[in-house]
Amino acid sequence: MHSKVGPGCFEKVYEEILYYELTKLDINVQREVFLAIDYEELHIEKAYKLICLWKTYLVLELKSITPLPTVYFNQIKTQLSFLNLKHGMLINFKADLMKNGIYRIFNNFGREKLTD
């Protein structure tokens with residue numbers, strides 16, 4: 001995908017193409033999943049919007065920016081913490097080589113998947 005499109009598009013373009021490619025491969029992925037959070041007695045509906053959630057195992061965040069600010073890594077860590085999920089991935093399509101734009105993020109205290 002990255003070799004066909006290149007590093008110059010907006011995030012939404014990469015999101016659409018990635019979703020298309022994954023569904024073509026019959027991979028179960030959800031887009032724009034809203035996450036509610038609870039803080040003490042306060043319930044905040046749609047507090048976060050996850051770009052992609054793959055099979056309830058992996059939170060994907062897509063970016064197309066250089067340099068890549070650390071706030072995006074913290075954002076995924078926070079989402080993983082609220083979901084109590086272990087695995088996240090940040091993909092930055094602005095990298096010249098795709099292998100240099102893929103970052104795995106872990107929440108060591110999270111569970112392997114959302115549902116049993």
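What's counted below: heavy atoms across the whole structure, side chains too, no hydrogens, waters or symmetry copies. Numbering starts at 1 and runs along the sequence shown.
Here the side chain of N100 pairs no donor or acceptor atom with the backbone of A95 at under 3.5 angstrom. A donor-acceptor contact shorter than 3.5 Å is absent between the side chain of Y19 and the backbone of R31. The backbone N or O of E11 lies less than 3.5 Å from no partner atom in the side chain of S64, so there is not a single donor-acceptor pair. Under the 3.5 Å distance criterion, the side-chain polar atoms of N92 are left unmatched by any main-chain donor or acceptor of I102.
Grouping the Ile, Leu, Val, Met, Phe, Trp and Tyr side chains by contacts below 4.5 angstrom, directly or via other members, places Y20 apart from Y14. Hydrophobic clustering places L58 together with L25 (ILVMFWY residues linked when any side-chain heavy atoms are closer than 4.5 Å, directly or through intermediates).
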Output side-chain donor-acceptor pairs under 3.5 Å for residues 67-84, partner residues at least two apart or in another chain, one line each.
from: T78; atom 1: OG1; to: N74; atom 2: O; distance (Å): 3.0

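The two residues K63 and L90 come nearest to each other via the heavy atoms CG-CD1, 3.7 Å. When all heavy atoms of M98 and I91 are compared, the pair lying nearest together is CE-CG2, 3.4 Å.
The aromatic rings of F106 and H87 sit perpendicular to each other, their planes meeting at more than 60°, with 30° as the lower class boundary.
With a 6.0 Å radius and a threshold of 12 heavy atoms from other residues, nucleotides or ligands, F34 has its CZ atom above the threshold.
We find that E61 and R104 are not joined by a salt bridge, their nearest charged nitrogen and carboxylate oxygen being 4.0 Å or further apart.
With rounding to the nearest 0.5 Å, the separation of CZ in F93 from OG1 in T66 is 13.0 Å. Rounded to the nearest 0.5 angstrom, H43 NE2 and I37 CD1 are separated by 9.5 Å.
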Could you go step by step and tell me if Q30 and V33 meet the side chain to side chain contact (heavy atoms under 4.5 Å, CB included) rule? CA-CA 7 Å; Q30 298 171 315; V33 177; 3.5 Å; yes
Show your reasoning for whether side chain to side chain contact (heavy atoms under 4.5 Å, CB included) applies to V59 and L85. CA-CA 8 Å; V59 172; L85 198 58; 3.9 Å; yes
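I65 places none of its side-chain heavy atoms less than 4.5 Å from the side chain of K94.
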